[in-house]
Trainee: 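Take this structure first; my questions come after.
Read the numbers this way: they start at 1 and go in the same order the structure lists the ligands and their atoms.
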Amino acid sequence: MTDSLARPVPDSFRQKANVDTETYERLYRQSLDDSDSFWAEQAERLVHWFTPWETVQSGSLAGGDARWFEGARLNVAYNCLDRHLESRGDQTALIWEAEADDEPARTFTYQELREAVCRLATALRGIGVKRGDRVCLYLPMIPEAVISMLACARMGAIHSVVFSGSSPDALRERIDDFDATVVITADQAMRYGRKVPVKANVDIACETLESVKRVVVVQRGGDEVNWQDGRDLWFHDLLQGASADSPVAEMEAEDPLFILYTSGATTTPKGVMHTCGGYLVYSALTHEVILDHHAGDVHWCIAELGWITGHTYTVYGPLANGGTTLLYEGALSARNPKRAWQIVEKHRVNTLYTTPTLIRTLMAQGDAHVTEHDRSSLRLLGSVGEPINPEAWSWFHRVVGEERCPVVDTWWQTETGGIMLSPLPAAESIKPGASARPFFGIDVALLDEQGAIVTGEGSGRLVINRSWPGQMRTVYGDHDRFVSTYLTEFPGHYASGDAAQRDGEGEYRITGHVDDRLLVEGVSLETSDIENALTADPRIAEAAVVSCTRDNGSQGVYAWVTPMLGEPTDEELADALKARVLNGLGAVAVPDVIQWAPALPRTRSGKILRRILKKIANGEIDDLGDTTTLADANVVDSLVESSRGN
Ligand code: WTA
């Protein structure tokens, strides 16, 4: 993290930013020293409460029983829609773009979105859904998915969105865990230009499930689907005649809003549970401050709705703040390199928030696709989900944002509900790949392996010392697992599972999940350091490093490398890459193997599944474990093929 790489934030941005450096410092101090008054002020300002709270916070993080705004009542959907009708009923709330660029966009004003949500809430009540019931949403990225989330919130049902690319087994496992009574799905989904038979997957998943009484099907593609009379209902039939006059459920602040299963990249999925009051306050405030929301902004968070990022920064944060949020149906990939930039130009997108994976994928397609589209509307860019390597950060900053837009590298987790560490967009300058500062109310520390606090410059395990409103409250149905997973390893702290470095200026940089570290010849190496050295070569788009076992039983370094489009994968390039690592990190970090990979296996949220890469690297191809969370399962076959011979 050298300062020479830091990029200045232009005055033109800083003058209009919501929170300047001084205000940040003052509010950050207040948020820790006088936490109750800070959160009370924000909660009053950002959210409409039917009944005020008795206590701002009670219980504790360490005790696993933190509670926020106890005694207060609110409704999340009311806050996202009804509350805005007077001031911006005719403003666009939601813009939807299909994967195919010749299909017309769909837009909903706040008034229209509210009406659709109310009608669905009425209809769900009509088929027996009650407050507290669980509803599974297994839907493509279409407006009906957002409408369904908000309809559940309006009537007090708990939604659980399952990524529409999940297999029937993964779907069954999740529905079974939270006993959904209703599944909302579609006849099909479109991804990578292919049709995914989501309704057929629901049929398979439900074969052995008792709890599901109704399956509601949105007509997206029009292909014929199997129909189970008495159970299946068309979404459009259900809405026909359903009244838009739907009462709002007054929810307790601590009532559950949703359950979301973690991607399961390393373990079996956990049902992370978030509640209404604290989550909404935290979503709205982080969206306003870190994504620098201004009235009239068009915000595009390119993330699956089945991922926490889609929940917090496509739906709840932007709509709570009265913004215009953009939803894109499909997958952006090498197939349609122009699509992202067409959409930015067409809808005059102001804030663009996405993953390093997607940034690297788009970067690998060359600059021309980007530069031929007008990006003058863009004001801020953000990244989430993985460490972002300096080259991808710089490309995003220089080519996409024309050095005009700050790039915020935001660190957070499904469990945290919203952004926890990020540069302040209005900082004087921002360092590539640094998640910089804790957000308001976030009391972080680094611990060494013995659990002692690291002070000043240094590195260690990233932990959180006290509760914040957006934190998960439990693992659904298994509170002991919540306590043992997050609160036991370092008593008194929430263990994030990530490692981080802190520089001399107190700014943080996430180095990755603790499991991603390698121990080679007694030296502890960060995979991200080796990956950054590899991707520093302009011919390389992406790299993922895992450990491999050498013939003598010791650990070595195995690098999967994806070159830029059209680059030859030859000895010369492999040697150049090894030389880069040698010069940058020393002999111990030089990969034993450089394996060319046309693509890397990823979860739906863009995280590289190192577990699988490690198995392939070690020849354990018959035992790849659970691959149901992969975004594209074909990638694994091609990697197994390419690794043969090593
Ligand atoms: C990783 C994502 C580095 C990290 C919202 C974390 C990151 C996990 C960053 C959570 C970042 C997320 N830099 N690593 N900016 N953001 N991560 O639950 O390992 O899908 O623990 O939530 O992603 O992933 P999740």
Trainee: Just which atoms of ligand 1 are under 4.0 Å from any heavy atom in S435?
Mentor: 15 (N)

Trainee: Are any non-hydrogen side-chain atoms of T275 and R67 less than 4.5 angstrom apart?
Mentor: no

Trainee: So does R509 pair up with D503, basic N to acidic O under 4.0 Å?
Mentor: no

Trainee: Ignoring hydrogens, just give me the one of D498, V408, I510 whose non-hydrogen atom is nearest atom 4 (C) of ligand 1.
Mentor: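 The option holding the nearest heavy atom is D498.
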
Trainee: Partners of R398 by salt bridge (charged side-chain N to carboxylate O under 4.0 Å, His left out), sequence neighbours excluded?
Mentor: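 Salt bridge (charged side-chain N to carboxylate O under 4.0 Å, His left out) check on R398 returns nothing, list empty.
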
Trainee: Does a salt bridge link R473 with E415, judged by any charged N lying under 4.0 Å from a carboxylate O?
Mentor: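 Looking at R473 and E415, the cut-off is not met.
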
Trainee: Would you tell me which option among E415, H513, Q413, E386 has the nearest heavy-atom contact to atom 7 (C) of ligand 1?
Mentor: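 Of the listed residues, E386 has the closest heavy atom.
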
Trainee: Nearest non-hydrogen contact with atom 3 (C) of ligand 1 belongs to which option: P387, G382, S496, G512?
Mentor: P387

Trainee: Check E391 with R360, please: is the shortest side-chain N to carboxylate O separation under 4.0 Å?
Mentor: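 Not counted as a salt bridge, because no side-chain N and carboxylate O are separated by less than 4.0 Å.
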
Trainee: Which atoms of ligand 1 sit under 4.0 Å from any heavy atom of T414?
Mentor: 18 (O), 20 (O), 22 (O), 25 (P)

Trainee: Indicate, as side chain, backbone, both or neither, the part of I388 found under 4.0 angstrom from ligand 1 when only non-hydrogen atoms are considered.
Mentor: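 None of I388 does.
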
Trainee: I'd like to know whether ligand 1 has T262 as a neighbour, heavy-atom separation below 4.0 Å.
Mentor: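 Flag not set, T262 not near ligand 1.
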
Trainee: Quick one: list whatever passes side chain to side chain contact (heavy atoms under 4.5 Å, CB included) with V454, sequence neighbours left out.
Mentor: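 In terms of side chain to side chain contact (heavy atoms under 4.5 Å, CB included), with neighbours along the sequence ignored, V454 is linked to L446, D448, R502.
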
Trainee: What atoms of ligand 1 come within less than 4.0 Å of a heavy atom belonging to T309?
Mentor: 5 (C)

Trainee: Tell me, please: is G497 in heavy-atom contact with ligand 1, that is, under 4.0 Å?
Mentor: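 Flag not set, G497 not near ligand 1.
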
Trainee: If the cut-off is 4.0 Å to any non-hydrogen atom of V384, which atoms of ligand 1 fall inside it?
Mentor: 5 (C)

Trainee: Output yes when D169 and R172 qualify as a salt bridge under the 4.0 Å nitrogen-oxygen rule, no when they do not.
Mentor: yes

